[in-house]
Amino acid sequence: MNDVLNRYYNIIFLVIIIFYNLVPKKVRPIYLLLSSLFMFFIMSKWLIVFLLISIISVYFSAIFMDNLDARKKEKLKDASDDDKKVIKNKFKSKKRFVLLLCLLINILFLFVFKYLKFFTINTNALLSLFKIDYSFNILKLISPIGISFYTLQMLSYLFDVYSGKISADHNFIRLSLFCSFFPCIMEGPICRYSDTADKIYECNKITYYNLCYGLQRILWGLFKKIVIADRLNILVKTVFNAPSLYNGTTIFIAAVSYTIMLYMDFSGAMDVVVGTGNIFGFSIPENFKQPFFSKNISEFWTRWHISLGTWFKDYIYYPISLSKPMKKITLNLRKKLGNHYGPLLSGTIALLVVWLLNGLWHGAGWTFILFGLYHFLFISIGNITRQSFNKLYVKLNITKSKVLKILQILKTSFFVVIGELIFRSNTVSDAIFMIKKIFTSFGFKSSELSSLGLDIPDVVVLLLALLIVLIISIMKEKNIDVREKISSKNIFIRWLIYYCLIFGIIIFGAFGPGYEPVDPMYADF
């Protein structure tokens with residue numbers, strides 16, 4: 001994908017913007033849809049067929065469910081009280097069948113492209129374990145770009161129509177644009193129909209203000225991605241591909257570097273997406289909110305990849321924890337254990353399902369499943385112990401202590417780094433080996449940096465760039481609107497900042513001899 005992105009993406013993006021304003025307003029949604037599909041095509045070629053099938057299946061399924069609701073209302077008007085329950089159950093069954101059929105189509109695509117190889121390998125291993133002389137052929141398939149993102153986005157629309165939160169959209173262009181809008185389709189965020197579909201479809205003219213405002217955010221994203229994330233790639237790849245060659249300190253530095261790299265890459269990509277939305281005159285939901293200021297793992301996941309977390313919360317966690325069997329368990333346990341501990345069992349069961357799916361969503365591998373279980377464990381422990389710790393903090397009168405807050409942030413960051421180490425490891429055994437080494441093997445020489453692909457100038461650039469990101473993050477955490485602050489400065493100061501950012505990317509960006517172009521990391525998830 002590197003060649004495609006490097007050669008075509010930026011050029012096509014500029015062409016789309018240039019011609020956008022020249023197209024009549026009525027035609028712009030079609031123009032934007034065709035542009036989005038073309039962008040998808042250059043990255044996934046014939047696999048665009050599966051995107052189109054998904055869009056068509058969701059479009060007609062939602063309309064069919066809406067029509068069933070309308071027919072049910074007509075039937076209920078003249079029905080007796082005895083017949084109403086029968087009618088409701090009949091139409092509910094039909095509606096559920098439509099939902100399940102559409103889910104089956106879309107989840108089947110996701111399974112085949114993303115998980116079939118993983119399940120085939122493990123099935124063959126299981127057959128071999130039981131001495132069964134048979135193995136399934138392992139198919140090597142290339143996934144459509146962003147399939148994990150656009151599938152969840154379409155399913156959220158489908159679930160919301162099924163539950164009656166929104167009505168089915170009869171405008172095929174608007175729904176298709178919502179499902180395939182090119183900035184979001186590769187790495188998200190996972191948008192909700194009610195928040196974004198109409199805004200995208202409005203297709204207002206690009207103004208000078210929106211263009212400048214959007215380009216600001218795009219430049220900031222490119223700075224994080226190219227100057228920081230891509231520079232760390234060589235170090236991370238070197239250590240994680242041969243962990244047995246390094247001591248625990250070096251491995252921990254690599255784990256911290258990967259955590260920073262992942263954040264800078266993904267949040268930088270989200271800056272580009274949000275900035276693109278700004279150019280077209282609408283807001284795309286934020287996907288990050290200074291996650292490394294979190295005081296516990298649970299809070300971290302409300303600040304990191306926000307759209308994925310809220311998707312799992314709304315469509316997996318709540319339906320399980322609020323289901324009739326779970327409500328019954330919770331009611332019984334409340335009487336015995338109280339209001340805090342009573343709901344924990346049903347919540348923990350739902351949380352286990354969420355984190356297993358969260359791990360699998362990120363990738364088809366045991367390291368991703370272990371990554372999910374790791375976070376499930378620490379969030380569950382936090383849920384159980386939070387009340388006791390809060391009482392202790394009150395008793396010690398340190399609830400507002402800055403020292404306590406810093407220690408909580410450092411503790412959370414450490415747990416996150418270990419989680420990302422598991423996430424990045426090539427195998428589960430590598431992950432376990434590396435974690436053991438972190439706690440048992442110490443020592444580090446600065447000369448090792450050069451063997452890891454970084455020299456002193458690289459380290460200086462990284463530290464200065466990270467300091468800039470930290471300062472901006474602290475300002476945002478204090479609810480200071482940095483972009484408005486910059487916009488309020490005189491034109492000389494504004495453009496000085498812009499040029500510093502542009503030339504900072506050009507001069508200090510990790511490209512050219514010695515560097516490999518790095519794909520956006522979450523595009524593979």
Side-chain angles (χ1 to χ4, degrees), residues 252 255-256 259 263 267 286-310 312-314 316-318 320-323 326-355 358 371-422 435 438-439 469-481:
F252 185 69
V256 172
T259 305
Y263 175 63
S267 69
E286 297 287 349
N287 218 15
F288 290 90
K289 191 181 178 183
Q290 297 79 254
F292 291 98
F293 289 101
S294 304
K295 297 187 289 295
N296 54 64
I297 294 287
S298 185
E299 182 188 352
F300 179 87
W301 283 96
T302 64
R303 291 167 170 254
W304 174 288
H305 206 343
I306 297 168
S307 62
L308 180 66
T310 54
F312 277 118
K313 181 179 70 175
D314 292 345
I316 304 295
Y317 182 84
Y318 285 145
I320 293 174
S321 61
L322 298 178
S323 63
M326 291 301 176
K327 278 185 176 180
K328 193 174 180 180
I329 292 170
T330 299
L331 187 63
N332 291 331
L333 289 177
R334 274 185 192 275
K335 294 173 183 177
K336 298 175 182 178
L337 302 175
N339 289 330
H340 176 70
Y341 294 104
L344 280 180
L345 179 60
S346 60
T348 302
I349 292 170
L351 199 65
L352 176 60
V353 176
V354 163
W355 277 103
N358 192 314
F371 164 81
L373 292 174
Y374 171 88
H375 283 92
F376 160 74
L377 176 65
F378 281 100
I379 291 172
S380 298
I381 292 171
N383 291 340
I384 294 167
T385 60
R386 187 169 297 121
Q387 188 180 63
S388 299
F389 275 109
N390 287 340
K391 285 179 180 179
L392 179 63
Y393 298 150
V394 171
K395 192 173 181 180
L396 297 173
N397 194 28
I398 57 172
T399 52
K400 296 182 180 179
S401 167
K402 289 185 178 179
V403 174
L404 175 64
K405 184 178 179 181
I406 291 170
L407 289 173
Q408 289 174 324
I409 290 171
L410 290 174
K411 173 205 70 178
T412 302
S413 297
F414 176 79
F415 286 137
V416 169
V417 166
I418 298 300
E420 297 302 348
L421 181 153
I422 297 169
I435 292 169
I438 285 173
F439 290 100
V469 173
L470 177 62
I471 292 168
I472 298 296
S473 298
I474 290 171
M475 292 174 70
K476 290 173 74 175
E477 186 69 8
K478 291 182 176 182
N479 294 317
I480 297 170
D481 192 326

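Quick caveat, the model's predicted, so the values are computed rather than measured.
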Flag the pair [X] / [Y] as yes when at least one side-chain heavy-atom distance between them is below 4.5 Å, and no otherwise.
X      : Y      : answer
Phe252 : Val417 : yes
Leu322 : Tyr317 : no
Thr259 : Leu421 : no
Phe312 : Trp355 : no
Ile474 : Phe293 : yes
Ile438 : Ile418 : yes

Review point. For Thr302 and Ile306, what are the C-alpha separation, side-chain angles and deciding distance, and is it a side chain to side chain contact (heavy atoms under 4.5 Å, CB included)?
Key: CA-CA 6 Å; Thr302 64; Ile306 297 168; over 6 Å; no
Contacts of type side-chain hydrogen bond (donor to acceptor under 3.5 Å, both in side chains), residue [X], not counting sequence neighbours:
X      : result
Thr310 : none
Asp481 : none
Ser346 : Thr330

Check your understanding: What pairs meet the side-chain hydrogen bond (donor to acceptor under 3.5 Å, both in side chains) rule with one or both residues in residues 386-413, with sequence neighbours excluded?
Key -> Asn383-Arg386
Practice item. Name all residues meeting the side-chain contact (heavy atoms from CB on, under 4.5 Å) criterion together with Val469; count only those two or more places apart in sequence or in a different chain, and write none if there are none. Key: Trp220, Phe223, Lys224, Ile228, Met264, Ser473
Rounded to the nearest 0.5 Å, what's the gap from [atom1] on [X] to [atom2] on [Y]? Could you check?
X      : Y      : atom1 : atom2 : result
Lys328 : Leu333 : NZ    : CG    : 12.5 Å
Leu351 : Ser298 : CG    : OG    : 8.0 Å
Met326 : Leu331 : CE    : CG    : 14.5 Å
Ile384 : Ile379 : CD1   : CD1   : 12.0 Å
Phe376 : Leu352 : CZ    : CG    : 4.5 Å
Ile297 : Ser380 : CD1   : OG    : 12.0 Å

Exercise for review: For side chain to side chain contact (heavy atoms under 4.5 Å, CB included), just list the numbers for Leu392 and Ile398, CA-CA rounded to whole Å, side-chain angles, deciding distance to a tenth of an Å, and then say yes or no.
Suggested key: CA-CA 9 Å; Leu392 179 63; Ile398 57 172; over 6 Å; no
Check your understanding: When the aromatic ring centroids of Phe415 and Tyr374 are compared, is their separation below 6.0 Å?
Key -> no
Exercise for review: Apply side chain to side chain contact (heavy atoms under 4.5 Å, CB included) to the pair Phe300 and Val416, showing each step before the final yes or no.
Suggested key: CA-CA 9 Å; Phe300 179 87; Val416 169; 3.7 Å; yes
Practice item. Using atom types as modelled and distance alone, determine if a side-chain donor or acceptor of Asn287 lies under 3.5 Å from a backbone N or O of Ser307. Key: yes
Review point. Between the side chain of His375 and the main-chain N/O of Phe371, is any donor-acceptor distance below 3.5 Å?
Key: yes
Check your understanding: Of the non-hydrogen atoms in Thr385 and Ile381, which two are nearest, and what is the gap between them?
Key -> OG1-O, 2.8 Å
Practice item. Any chance you could lay out the side chain to side chain contact (heavy atoms under 4.5 Å, CB included) test for Asn296 and Phe378, step after step, and finish with the verdict? Key: CA-CA 9 Å; Asn296 54 64; Phe378 281 100; over 6 Å; no
Exercise for review: Check salt bridge (Lys or Arg N to Asp or Glu O under 4.0 Å) between Glu299 and all other residues, then give those that pass, not counting sequence neighbours.
Suggested key: Lys295, Arg303
